[in-house]
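Below is one structure, written out as structure tokens; comments come after it.
Worth saying up front: this structure is predicted, and the values here are computed from it rather than measured.
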Amino acid sequence: MSERALLNTLNSAIVEAHTEYINAKKEYLTAKNNLAEAEAQISLTDKETWKDIGITNQAGRDAYIRQQTKQLHDKLNQARLALDYCEVQAQYQENKLKIYLVTTEE
């Protein structure tokens, strides 16, 4: 493979890794927003409704909200892991290019 072709391949890998990172970031922010909206919606429930379901203090309300939004928390955690993975992949691709450039300069 020619040097030019190898550089194009490495650059393409970097672009792809950054594109995946951007998509993962969008998914993470969407999941974070969905969770915040769901928690806010439950938090706005009036005091009488809390009493109706047997919850009388803030700790109980917080636990209830966590339980009701567990799936959204899980989705947020999965999105965070995917985001972290994409970030590592992008850094890995950039490092591969840097190593190649340093070794070809010598």
Checking Lys51 now: which residues fulfil side chain to side chain donor-acceptor pair (under 3.5 Å) with it, not counting sequence neighbours?
none
Kindly indicate, with the supporting measurements, whether the criterion salt bridge (charged side-chain N to carboxylate O under 4.0 Å, His left out) is fulfilled by Asp62 and Arg66.
CA-CA 6 Å; Asp62 292 344; Arg66 273 193 309 278; 5.3 Å; no
For the residue pair Ala17 and Ala90, what are the closest heavy atoms and their distance?
CB-CA, 3.5 Å
Counting only heavy atoms not in Gln58, do more than 12 fall under 6.0 Å of its CD?
yes
Rounded to the nearest 0.5 Å, what's the gap from CG on Leu101 to CD on Glu3? Could you check?
8.5 Å
Connected hydrophobic set around Leu29, excluding itself, where side chains approach under 4.5 Å:
Tyr21, Tyr28, Leu35, Leu72, Leu76, Leu83
When rounded to the nearest 0.5 angstrom, what is the spacing between CD in Gln68 and CD1 in Ile42?
5.5 Å
Regarding Asn33 and Glu37, do their side chains bring together a donor and an acceptor under 3.5 Å, going by distance alone?
yes
Roughly how far, to the nearest 0.5 Å, is SG of Cys86 from CD of Gln91?
13.5 Å
In this structure, CD of Glu39 is separated from CG of Asn34 (nearest 0.5 Å) by 11.5 Å
Heavy atoms only: give me the nearest Asp84-Arg80 pair and the separation to one decimal.
OD1-NH2, 2.6 Å
Please check if the number of heavy atoms outside Tyr92 that lie under 6.0 Å from its OH is greater than 12.
no
Roughly how far apart are Lys96 NZ and Leu6 CG, rounded to 0.5 Å?
9.0 Å
Looking only at side chains, do His18 and Glu94 share a donor and an acceptor under 3.5 Å apart?
yes
Gap separating the CD1 atom of Ile14 from the CD atom of Gln89, nearest 0.5 angstrom
12.0 Å
